[in-house]
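Both backbone and side-chain heavy atoms feed into the values below; hydrogens, waters and symmetry mates do not.
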Amino acid sequence: GSDLLRQATAAPGGPLSPPQPATANMVVPDVSAESRRERHRRETFERLVRAAREIMFSRGFNDITVQDITEAADVGKGTFFNYFPSKEQVVPSQLALIWRELSESVARIERDGVPAPTAVVDRFVDYLCPPSGAWLTYEQNLMQGLLDPEVRKAFAARLAPNAALYVRMMELGQRQGTVRTDVSAEDLGQHLHMVLVGLTVLYWIHGAPPSRDAVREVATVAISAIKPPVATAAPAAPATKVSKIKKVNQVKAVKNVRTV
């Protein structure tokens, strides 16, 4: 049930935690009241994570060096180790970018009135079918990084804020009337998050990058479980003995007219 999500949400850290030196538990910080120094740290962190992401779409993990990442981010090589203890620890921080993208999906529902199921399907498609880059290469790099127990532990902790945003989308959808209310938003959000993770692993196992149409079709089927049940018309009442006699008489009358 929802125990997995509760355990994940209770993990240390969160999407608004400020970046700290040499830690893998960095995610998107709160930018509402940050100082100039904090803003500089955040922007440097984001440049490093985005640079690593772009390289991970085009090159195998073993062929990526810290210098490759720092050059792409336009920072000094030593700067990298102010944020990450090793190259592998960049992997959990990829979830910071995903958190931002999920936040925009939430905003589409709150700000633009997009139906929550539509926002979820679009999110699935955007994640599994990026506009450029080798998706399979990127996922392979993530999987390779997750072989490290410490990286895997940090990655699991960083999943919590992302799962929470799926819960938020379900809460908004229930208010819209586009999401069923007989199941908690927490359970629905967990269901969707697990579906996306499962799809990601399955596509990676099969070794074939998914098409946008295929993902949209699968996602549409998956989110059908979160929509309110469609009211169906009540079955017609069985004909009574009187109505049957009346129908027989109508048929006889039609035959008599034709005979005349």
Asker: Looking at Arg212 and Cys129, would you say the former's side chain and the latter's main chain have a donor-acceptor pair under 3.5 Å?
Answerer: yes
Asker: Counting distance only, does the side-chain N/O of Gln174 pair as donor-acceptor with the main-chain N or O of Val183 below 3.5 Å?
Answerer: yes
Asker: Is there a side-chain contact between Tyr203 and Pro209 in this structure, where contact means two heavy atoms from C-beta onward sitting under 4.5 Å apart?
Answerer: no
Asker: What's the separation between atom CZ in Arg100 and atom CG in Leu165, rounded to the nearest 0.5 Å?
Answerer: 12.0 Å
Asker: If you take all heavy atoms of Val215 and Pro210, which pair is closest and at what distance?
Answerer: CG2-CB, 3.5 Å
Asker: Is Lys87 close enough and on-axis enough to Phe80, meaning under 6.0 Å and within 45°, for cation-pi?
Answerer: no
Asker: Applying the side chain to side chain contact (heavy atoms under 4.5 Å, CB included) test to Met56, which of Asn141, Ile69, Thr137 qualifies?
Answerer: Asn141
Asker: State, yes or no, whether a side-chain contact exists between Phe124 and Val195 at a heavy-atom distance under 4.5 Å.
Answerer: yes
Asker: As a quick check of understanding, evaluate salt bridge (Lys or Arg N to Asp or Glu O under 4.0 Å) for Glu46 and Arg42, giving each step before the final call.
Answerer: CA-CA 6 Å; Glu46 291 180 353; Arg42 173 179 58 80; 3.6 Å; yes
Asker: Determine, step by step, whether Arg168 and Glu110 satisfy the salt bridge (Lys or Arg N to Asp or Glu O under 4.0 Å) criterion, reporting the C-alpha distance in whole Å, the side-chain angles of both residues, the deciding distance to 0.1 Å, and the verdict.
Answerer: CA-CA 10 Å; Arg168 177 60 178 161; Glu110 288 185 303; 2.7 Å; yes
Asker: For the backbone of Ala119 and the side chain of Asp122, can you confirm whether one donor and one acceptor N or O come within less than 3.5 Å of each other?
Answerer: no
Asker: Working note: Thr79 + Asn82, criterion side-chain hydrogen bond (donor to acceptor under 3.5 Å, both in side chains); need CA distance, chi angles, decisive distance, verdict.
Answerer: CA-CA 5 Å; Thr79 301; Asn82 291 331; 4.8 Å; no
Asker: So, Thr220 side chain and Arg216 main chain: donor-acceptor pair closer than 3.5 Å or not?
Answerer: yes
Asker: Look only at the side chain of Glu101 and the backbone of Asp126, and say whether a donor-acceptor pair between them is shorter than 3.5 Å.
Answerer: no
Asker: Taking C-beta and beyond as the side chain, do Tyr166 and Gln190 meet within less than 4.5 Å on heavy atoms?
Answerer: no
Asker: Identify the heavy atoms of Gly173 and Ala116 that sit nearest to each other, and give their distance.
Answerer: CA-CB, 3.6 Å
Asker: Can you tell me how far the CD atom of Glu38 sits from the OG atom of Ser35, to the nearest 0.5 Å?
Answerer: 3.5 Å
Asker: To the nearest 0.5 Å, what is the distance between CZ on Phe61 and CE on Met143?
Answerer: 13.5 Å
Asker: If we only count heavy atoms from C-beta on, is the Glu171 to Val167 side-chain gap below 4.5 Å?
Answerer: yes
Asker: Shortest non-hydrogen contact from Ala52 to Val90?
Answerer: CB-CG1, 3.3 Å
Asker: Would you say Thr70's side chain and Val66's backbone share a donor-acceptor pair under 3.5 angstrom?
Answerer: yes
Asker: Report yes if the side chains of Val179 and Met169 come closer than 4.5 Å at any heavy-atom pair, otherwise no.
Answerer: no
Asker: Does atom CG of Asp74 have more than 12 heavy-atom neighbours, drawn from other residues, nucleotides or ligands, at distances under 6.0 Å?
Answerer: no
Asker: Kindly compute the distance separating CD1 (Ile98) from CG (Leu196), expressed to the nearest 0.5 Å.
Answerer: 8.0 Å
Asker: Verify whether one side chain among Tyr138 and Arg53 offers a donor that lies under 3.5 Å from an acceptor in the other.
Answerer: yes
Asker: Determine whether Val197 and Tyr127 fall in the same hydrophobic cluster, where Ile, Leu, Val, Met, Phe, Trp and Tyr are linked whenever their side-chain heavy atoms lie under 4.5 Å apart.
Answerer: no
Asker: Taking the side chain as every heavy atom from C-beta outward, state whether Met170 and Val120 have any atom pair closer than 4.5 Å.
Answerer: yes
Asker: When you measure from the side chain of Arg152 to the backbone of Leu146, do you find a donor-acceptor pair of N or O atoms at a distance under 3.5 Å?
Answerer: yes
Asker: Side-chain heavy atoms nearer than 4.5 Å, only ILVMFWY residues, links allowed to pass through others: does that put Val114 and Ile223 together?
Answerer: no
Asker: Take Val106 and Leu172, measure what side chain to side chain contact (heavy atoms under 4.5 Å, CB included) needs, and give me the verdict at the end.
Answerer: CA-CA 8 Å; Val106 172; Leu172 294 171; 3.9 Å; yes
Asker: Quick check on the hydrophobic clustering: are Leu202 and Trp204 connected, directly or via other members, by side-chain heavy-atom contacts under 4.5 Å?
Answerer: no
Asker: Is the count of non-hydrogen atoms from other residues, nucleotides or ligands lying under 6.0 Å from Gln176 atom CD greater than 12?
Answerer: yes
Asker: Honestly, is Arg41 close enough over Tyr83, meaning NZ or CZ under 6.0 Å from the six-membered ring centre and within 45° of the axis?
Answerer: yes
Asker: What distance separates Leu97 CG from Leu102 CG, expressed to the nearest 0.5 Å?
Answerer: 11.5 Å
Asker: Quick check: closest heavy atoms across Leu136 and Gly207, and the distance to 0.1 Å?
Answerer: CD1-O, 3.2 Å
Asker: Do Glu88 side-chain atoms and Val151 backbone N/O form a donor-acceptor pair below 3.5 Å?
Answerer: no
Asker: For the backbone of Ala73 and the side chain of Arg47, can you confirm whether one donor and one acceptor N or O come within less than 3.5 Å of each other?
Answerer: yes
Asker: Check whether Asp148 reaches the backbone of Glu150 with its side chain - one donor and one acceptor, N or O, closer than 3.5 Å.
Answerer: yes
Asker: Going from CG on Leu142 to CZ on Phe155, what distance comes out if it is rounded to the nearest 0.5 angstrom?
Answerer: 6.0 Å
Asker: With a cut-off of 6.0 Å (strictly less than), are more than 12 heavy atoms of other residues, nucleotides or ligands near CZ of Arg111?
Answerer: yes
